[in-house]
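Values below: all heavy atoms of this structure, side chains included; hydrogens, waters and symmetry mates excluded. One-based numbering along the sequence shown.
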Amino acid sequence: MPWLKSSKKKASPENIPYLAGVFIDTQKSIRDRLALVVWPAEGEPTLIVCNIEEPQAQTESWIEDVRAYLEFQKRPTELLAEILNEKGLSTAPIGIEMGYLSARHFADLSRLLPDATLVACDHLFE
């Protein structure tokens, strides 16, 4: 599968601890407060969290590149698109955890990254 050579973005409360070593409790109760891991095929991963969880993520996660969005002022998908652009992945196939990402977040990401191909990668973690 050629999209595996680009990057994967994971969002579910079950997979963030698995990938990043940190459990963000509010992911289960506040579904719009996304925590995301950008895991490029080459290079280091990036953990995206709400600014409220940033100190916890920096303390508990093994991922060094932790970035935060300011809740109600910047959408997590905006920061995700910025990071994918920064890493040169905005036109690449991107694996998405479709079973977790809401339709609204998916539509936002599709609008922010019009040249990317968003591909379901849930089976990699099941």
Side-chain angles (χ1 to χ4, degrees):
M1 294 184 213
W3 61 270
L4 288 174
K5 294 180 181 172
S6 60
S7 71
K8 291 176 262 321
K9 192 267 320 159
K10 300 307 290 177
S12 73
E14 297 79 19
N15 286 323
I16 294 297
Y18 174 70
L19 291 172
V22 60
F23 177 73
I24 306 293
D25 189 48
T26 57
Q27 276 192 279
K28 291 191 175 208
S29 57
I30 306 171
R31 298 295 263 186
D32 282 338
R33 192 179 287 173
L34 297 181
L36 310 164
V37 175
V38 176
W39 199 297
E42 295 179 14
E44 296 300 314
T46 299
L47 175 59
I48 299 170
V49 296
C50 179
N51 64 306
I52 294 168
E53 280 97 11
E54 186 178 17
Q56 176 192 0
Q58 289 180 337
T59 301
E60 295 177 15
S61 180
W62 64 271
I63 295 176
E64 292 181 19
D65 186 8
V66 176
R67 309 220 199 151
Y69 57 90
L70 187 57
E71 192 169 33
F72 306 120
Q73 293 190 18
K74 186 173 206 162
R75 295 181 315 278
T77 49
E78 287 179 285
L79 182 54
L80 173 61
E82 289 173 13
I83 291 168
L84 290 170
N85 276 310
E86 173 190 309
K87 291 180 181 276
L89 299 170
S90 61
T91 60
I94 299 167
I96 300 288
E97 195 173 6
M98 297 286 202
Y100 180 77
L101 197 66
S102 73
R104 183 169 42 91
H105 289 303
F106 182 82
D108 194 38
L109 194 55
S110 296
R111 182 184 56 76
L112 291 166
L113 298 169
D115 297 323
T117 303
L118 305 179
V119 182
C121 70
D122 303 62
H123 65 283
L124 294 174
F125 288 89
E126 292 174 353

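The CG atom of L36 lies 10.0 Å from the CD atom of E97; values are rounded to the nearest 0.5 Å. Rounding to the nearest 0.5 Å gives a distance of 4.5 Å between CG of L79 and CD1 of I48. Residue E82 holds its CD atom at 10.0 Å from OG1 of T77, rounded to the nearest 0.5 Å.
Between the side chain of Q56 and the backbone N or O of E53, no donor-acceptor pair lies under 3.5 Å.
Counting all heavy atoms, side chain and backbone alike, E78 lies closest to R75 at OE1-N, 2.7 Å. Across all their heavy atoms, L89 and P40 have their closest contact at CD1-CB, 3.9 Å.
Cluster membership check: F72 does not share its hydrophobic cluster with Y69, using side-chain heavy-atom separations under 4.5 Å among Ile, Leu, Val, Met, Phe, Trp and Tyr. Grouping the Ile, Leu, Val, Met, Phe, Trp and Tyr side chains by contacts below 4.5 angstrom, directly or via other members, places M98 with L80.
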Name each donor-acceptor pair under 3.5 Å that joins a side chain in residues 109-116 to protein atoms two or more places apart or in another chain, with its distance.
residue, atom, partner, partner atom, Å
S110, OG, F106, O, 2.9
R111, NH2, D108, OD1, 2.6

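Residues L101 and L34 meet the side-chain proximity criterion, which asks for heavy atoms closer than 4.5 Å. Residues R67 and L47 have side chains not in contact (no heavy-atom distance under 4.5 Å, counting atoms from C-beta outward).
Judged as a salt bridge (Lys or Arg N to Asp or Glu O under 4.0 Å), and not counting sequence neighbours, E54 has no contacts. By the side-chain hydrogen bond (donor to acceptor under 3.5 Å, both in side chains) test, T46 is found to be paired with D65, K87, residues two or more places apart in sequence or in another chain being considered. For E44, there are no side-chain hydrogen bond (donor to acceptor under 3.5 Å, both in side chains) partners, not counting sequence neighbours.
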